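The model shown is predicted, which means the values in this text are computed figures rather than measured ones. Chain letters run A, B, ... following the sequence lines, proteins first, then strands; residues in each count from 1.
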Protein chains: 2
Amino acid sequence: MKTHPLAALDTQARVLSCPRDHALEVVGGDWYRVISGLVRRCAFFSDGRRQIVSFMFPGDLFGFGNAEDGFPISAESVVRGTVVARYPRRAVDRLMASEPAAGEQIRALAFQWMHQTEARLLNVGRMTAAERVGAFLLELAQRSAASGTPDIAVQMSRYDIADYLALSVETVSRTLTRLQEQGAIALPSAHQVRIADREALAAQL
Amino acid sequence: MKTHPLAALDTQARVLSCPRDHALEVVGGDWYRVISGLVRRCAFFSDGRRQIVSFMFPGDLFGFGNAEDGFPISAESVVRGTVVARYPRRAVDRLMASEPAAGEQIRALAFQWMHQTEARLLNVGRMTAAERVGAFLLELAQRSAASGTPDIAVQMSRYDIADYLALSVETVSRTLTRLQEQGAIALPSAHQVRIADREALAAQL
DNA sequence: CGCGCGTTTGACCATACTCAAAGAATGTGG
DNA sequence: CCACATTCTTTGAGTATGGTCAAACGCGCG
């Protein structure tokens with residue numbers, strides 16, 4: 001397992017273990033790292049509309065200067081057994097001051113992260129429902145890669161997917177069904193997807 | 001005028017002066033600062049769909065690690081007389097190494113920037129046309145603040161606005177007209193907006 | 001001054017949303 | 001361990017918001 005930029009601080013990290021659908025208290029400035037499970041970062045409108053800004057998978061780092069201005073983005077565990085390590089701001093600051101390489105790594109991460117977020121603007125803004133779902137599945141496949149099975153474990157609910165892609169639950173469900181009918185994917189169960197025809201899925205962008 | 005984080009490097013900056021609708025060559029790693037005019041950063045689909053990721057106003061810094069992976073985001077001048085300073089990567093790296101304060105400032109900028117981008121996900125994903133246009137005008141008002149007039153100079157075209165908000169040009173135009181009819185704004189000319197009823201505009205989120 | 005592009009408006013259409021309900025799965029308590 | 005309840009998922013029917021196509025208008029630029 002590759003070491004992460006904050007590995008040196010693991011002894012100072014506080015580990016949080018969460019049940020399902022549990023809001024993490026995100027302290028501004030502190031850094032977080034998903035150890036296992038799945039975390040969603042989301043924003044809410046007063047009227048209930050929700051937008052999931054990102055899913056954080058094991059190994060992912062987040063907490064880059066949270067939400068002073070603008071409106072808050074909360075972090076919530078998606079599945080039970082989600083474990084998150086919290087790195088105190090001071091320790092991170094000290095590390096970055098003393099270890100330029102770590103600062104560099106984190107900076108690189110932030111840039112990569114930024115780019116991903118900007119790419120999501122395209123998804124949400126300019127893609128059709130089928131394209132969004134397709135791109136989402138490919139993203140899932142890539143991030144949850146490795147494990148020998150060609151089946152992707154879709155841990156989050158249809159509601160989560162909908163709020164991630166800025167669609168309605170019904171549209172997500174219908175779109176998955178249609179992709180299956182077209183032979184692009186197979187759905188052994190509601191929470192497992194097998195990509196049958198990668199080309200068909202990628203027939204976008 | 002407040003000094004910016006890269007002020008110390010101004011002597012090493014290369015200044016680019018651009019006509020209207022001119023693509024800047026963005027060198028990965030280098031940093032850019034808008035001196036005057038207006039810059040749009042955008043991504044294109046192969047079929048012509050365009051998404052403007054951000055508008056950069058005078059004083060704004062951009063270029064945080066551009067687009068190695070994923071697809072490219074280009075930067076283009078919007079109005080003639082746009083002037084941009086380019087700071088070579090090496091110089092910035094050296095500055096950040098020698099001046100921790102500068103690094104800190106840039107980091108803070110990046111975080112702020114990130115948050116703005118994430119907020120845009122909401123706009124584009126979960127808001128109605130009227131809400132998007134309203135939020136856009138308020139954003140414009142805030143960024144182009146100061147100048148005594150209550151009239152906002154809308155420098156970009158309706159097409160740019162449309163691709164920024166992920167709407168069609170027609171919808172942008174119609175929405176502006178309707179906001180005017182409702183008395184929320186006044187449109188002295190196509191490129192000037194006066195916010196008549198801030199509350200009405202902000203009646204969202 | 002005139003041409004071209006940007007803007008506005010209208011009519012029609014399509015995609016995705018809403019409302020509704022049935023069926024499946026997951027978790028709970030007896 | 002099973003029965004029940006709740007939540008999640010799927011499907012259908014109708015609707016609405018915003019997109020597309022088309023055309024007129026007006027401003028700005030050459």
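Atom CZ of A:R49 is separated from atom C1' of D:dT17 by 13 Å (rounded to the nearest Å). Atom CD1 in B:I161 sits roughly 16 Å away from atom P in D:dG18 (whole-Å rounding). Look at CG on B:L176: it is 10 Å from P on C:dT7, rounded to the nearest Å. Nucleotide D:dT9 holds its P atom 14 Å from the CD atom of A:Q192, rounded to whole Å. If you take CG of A:L165 and P of C:dC17, they are 10 Å apart, rounded to a whole angstrom. One atom, CD of B:E131, and another, C1' of D:dG18, lie 14 Å apart when rounded to the nearest Å. Note: CE (B:M127) to P (C:dC17) measures 17 Å, nearest angstrom. Distance, B:D47 CG to D:dT20 C1': 14 Å, rounded to whole Å.
Residue contacts for B:S173: at a heavy-atom cut-off of 4.0 Å it reaches a base atom on one of the strands shown. As judged by a 4.0 angstrom heavy-atom cut-off over every strand, A:A166 is placed among residues touching the sugar-phosphate backbone only. Contact annotation for A:L167: backbone-only contact, meaning every heavy-atom pair under 4.0 Å involves sugar-phosphate atoms and none involves a base. Within the 4.0 angstrom heavy-atom criterion, no nucleotide atom of any strand lies near B:S189. Within the 4.0 angstrom heavy-atom criterion, only backbone atoms of the sugar-phosphate kind lie near B:S157; the bases stay farther away.
In terms of position along DNA chain C, the nucleotide closest to B:Y159 lies nearer the 5' end than the nucleotide closest to the other residue of the pair A:V169 and B:Y159. Between A:L187 and A:R126, the residue anchored nearer the 5' end of DNA chain D, judged by the nucleotide with its closest heavy atom, is A:L187. Looking at which nucleotide of DNA chain C each of B:D21 and A:A129 is closest to, the 5′-most match is held by B:D21. Position along DNA chain D of the nearest nucleotide to A:R158 versus B:E170 favours A:R158 as the more 5'-ward residue.
At a cut-off of 3.5 angstrom, counting only N and O atoms as typed in the model, there is no donor on one side facing an acceptor on the other between the side-chain of A:R80 and the base of C:dG27. One donor-acceptor pair, N or O on each side, does fall under 3.5 Å between the base of C:dT18 and the side chain of A:R174.
Test A:R14, A:R90, A:R89, A:R86 against A:D30 for salt bridge (Lys or Arg N to Asp or Glu O under 4.0 Å) and you get one pass: A:R86.
At C:dT15, none of the side-chain N or O atoms of A:T128 fall inside 4.0 Å of OP1 or OP2 (strictly under the cut-off). Between A:T171 and the phosphate of C:dC17, there is a side-chain N or O to OP1/OP2 separation shorter than 4.0 Å. Regarding contacts with the backbone of C:dA25, every side-chain N or O of A:H191 stays at 4.0 angstrom or more from both OP1 and OP2.
Annotation: side chain of B:N123 is not in contact with side chain of B:L165 (no heavy-atom distance under 4.5 Å).
Using a cut-off of 4.0 Å between Lys/Arg side-chain N and Asp/Glu carboxylate O, A:R143 and A:D60 are scored as salt-bridged. At a threshold of 4.0 Å, the pair A:R178-A:E181 does not count as salt-bridged, since none of the basic side-chain nitrogens sits closer than that to a carboxylate oxygen.
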Please step through side chain to side chain contact (heavy atoms under 4.5 Å, CB included) for the pair A:V39 and A:Y32, ending with a clear verdict. CA-CA 11 Å; A:V39 170; A:Y32 298 81; over 6 Å; no
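Cation-pi geometry between A:R120 and A:Y164 is satisfied (NZ or CZ under 6.0 Å from the ring centre, within 45° of the ring normal).
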